[in-house]
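Below, chain A is the first sequence line, B the second, and so on; all start at residue 1.
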Protein chains: 2
Amino acid sequence: MDSAVTTSTQTITPFSSIRIDKDASTPIYLQIAEAIGSLLASGVLPPGYVLPPERVLCEQFGISRMTLRQATSLLDREGLINSRRGVGTVVTHSRLRKQQQEVRSFSEEIRARGGRPESRLISLDLAVPAAPVRDFFELHDQQKVYEIQRVRLKDGEPLALELARIPERLCPGLERFDLARSSLYEVLERSYGLRPEACNEEISAEIPTSQQRKLLGLPARTAVLVINRKTYMENERPLELTRSVFRGDRYSAIVHSRKSKSILQTTSS
Amino acid sequence: MDSAVTTSTQTITPFSSIRIDKDASTPIYLQIAEAIGSLLASGVLPPGYVLPPERVLCEQFGISRMTLRQATSLLDREGLINSRRGVGTVVTHSRLRKQQQEVRSFSEEIRARGGRPESRLISLDLAVPAAPVRDFFELHDQQKVYEIQRVRLKDGEPLALELARIPERLCPGLERFDLARSSLYEVLERSYGLRPEACNEEISAEIPTSQQRKLLGLPARTAVLVINRKTYMENERPLELTRSVFRGDRYSAIVHSRKSKSILQTTSS
DNA sequence: CTAGTTCGAATGTCTAGACAAATGAAGCAC
DNA sequence: GTGCTTCATTTGTCTAGACATTCGAACTAG
């Protein structure tokens, strides 16, 4: 425990294995963040583990403290570690780790839940939309949108009815693709370079119509979960407008929230 | 337009009005972030506005570049501005601004939506909970939890039924407070120092029971939105377990999502 | 007019220090 | 023991620079 000793003998920690390449194209702070990130993901650094002091890590990596802090602040933002003045840097307990609210397609969502997603195409129309839809997409009078109606299945069973709308201007020729087989988001990204960046969802509960009951094979006295989703691209332009009707007995939406650390925007009345 | 001119004369920008106090207890970078943040909130800096170069702002504020970047990176994380190498720093368009998924109590949620929240206490019990609840709170055999049933109203109309459960150990004497008048979260924070840090919600659609219909004054053929919420504190300990049953015709949940910028944790299957 | 080049300007990354402030433990007085 | 003080440790904040990288505009050659 004498400082004269610890400076001469290198303590072996999980960090000893980290090697950084100062000449690599990825910046040093990212290399370190990723390295520590995978130590966290693999469980080598369990929740509650106290990281070595910054100055020790700096010496070990041969970098300056500001660079190390750039890495740790990244992980701190993600909620994976927690630094406290006078105490140290501690690995966060899993429950508090930020579970990012993701922009996910139906297929991705189902796969994330461990199911097998499928689709049956009901209709694919190219039509001049009603006023609210036209306004959302900021279209001129006669511009058209694709309206794609599908039954979405999980493990072979009907789970949801989906009506996706997307302007023709963004993806001309969309009807050529087999939307029963492939994910709409995949087609949009691969063939048109369109990527969703943000979305707003409004989740409500409704009594199903008789047509919905039939298409979903709904038992009596079952409600449906309706999700209206607005999707935007990186350039803030609207991308997609979707209404999904889920079987209430087989699906529920999961939302993760965390107190935001930022002191900005405290505009609560 | 001549650089020789602009160096001698100070260009007047919205940033000229920002004054920082180097001796204040709030760090400089926070002062600047907040100042720019309110310029953004007030609309003085409209979307698309290009901020002056970092070096110019540094000189104006009399600070070093790293300190300024600490401020702008905060705002960048929040999605309020967007810095691009070789280009500059631009104010983000409003649609892409991160709308943080907040941990909110019923009262806060209703107020955020511009309504007046109210409560009617139905019952407040102190009981030994069933196994699933006991497991969630990690309680021993005979430890009790408060079970608080309330009708939650918006603008005088019943909107939801809420059953909140919280361990007695965390807040002994909770029954002394007037939970019809004050928010449970406020009591927990002010009188017991308990603060929710994160929560997980599961949102589902159900057909109401006849009792729920009566208490909520539900019209026929109306579904209810059921939200089961698990709340945790900063130390990862469970704080509260709540089941809320909302009128489906008057309430829908709003969820905002954004693609995360981090390259970490890309563990998609 | 077009395509390629050059170059200035802007942010990105990094350094090697400095002092401040919070924390918790050890020691001390009682 | 109990409560207070002291102190070493640790992260938080900040500086004044350096060079790298990217972008787009202006210029040039054809």
Would you mind telling me which of [options] lies closest to the side-chain atoms of [X]?
{"X": "B/Pro27", "options": "D/dT13, C/dG24, D/dA16", "result": "D/dT13"}
{"X": "B/Arg85", "options": "D/dC23, D/dT15, D/dT22", "result": "D/dT22"}
{"X": "A/Ser83", "options": "D/dT11, C/dT11, C/dG24", "result": "D/dT11"}

Value in whole Å for how far the [atom2] atom of [N] lies from [atom1] of [X]:
{"X": "A/Glu54", "N": "C/dA16", "atom1": "CD", "atom2": "P", "answer": "16 Å"}
{"X": "B/Leu57", "N": "C/dA10", "atom1": "CG", "atom2": "P", "answer": "11 Å"}
{"X": "A/Asp21", "N": "C/dT13", "atom1": "CG", "atom2": "P", "answer": "16 Å"}
{"X": "A/Glu59", "N": "C/dA16", "atom1": "CD", "atom2": "C1'", "answer": "14 Å"}
{"X": "B/Ile20", "N": "D/dT13", "atom1": "CD1", "atom2": "P", "answer": "15 Å"}
{"X": "A/Asn82", "N": "C/dT23", "atom1": "CG", "atom2": "P", "answer": "12 Å"}
{"X": "A/Ile28", "N": "C/dG12", "atom1": "CD1", "atom2": "P", "answer": "17 Å"}
{"X": "B/Arg84", "N": "D/dT22", "atom1": "CZ", "atom2": "P", "answer": "13 Å"}

Quick one: on DNA chain C, does B/Pro53 or A/Leu68 contact a more 5' nucleotide (nearest heavy atom)?
B/Pro53
Between A/Gly86 and A/Thr26, which residue's closest nucleotide on DNA chain C lies nearer the 5′ terminus?
A/Thr26
Please check if the side chain of A/Arg176 supplies one atom and the backbone of A/Gly173 the other of a donor-acceptor pair under 3.5 Å.
yes
So B/Phe15 and B/Tyr49, would you call those rings parallel, tilted or perpendicular, with 30° and 60° as cut-offs?
tilted
Does a side-chain N or O of [X] approach OP1 or OP2 of [N] to a distance below 4.0 Å, or not?
{"X": "B/Tyr29", "N": "D/dC14", "value": "no"}
{"X": "B/Lys22", "N": "D/dT15", "value": "yes"}
{"X": "A/Ser64", "N": "C/dG17", "value": "no"}

Want to settle it: does B/Thr67 or B/Arg55 sit nearer the 5' end of DNA chain D, counting the closest nucleotide to each?
B/Thr67
Full working for side-chain hydrogen bond (donor to acceptor under 3.5 Å, both in side chains) between B/Glu168 and B/Tyr146
CA-CA 6 Å; B/Glu168 183 196 15; B/Tyr146 284 107; 4.7 Å; no
Reckon B/Arg69 touches a base, only the sugar-phosphate, or nothing at all at heavy-atom distances under 4.0 Å?
base
Describe the nucleic acid contact of B/Arg65 in one word from base, sugar-phosphate, nothing, applying a heavy-atom distance below 4.0 Å.
base
Can you name the closest pair of heavy atoms from B/Leu139 and B/Pro167 and give their distance?
CD2-CB, 4.3 Å
Under a 3.5 Å cutoff, is there a donor and acceptor pairing between the side chains of A/Tyr185 and A/Glu240?
yes
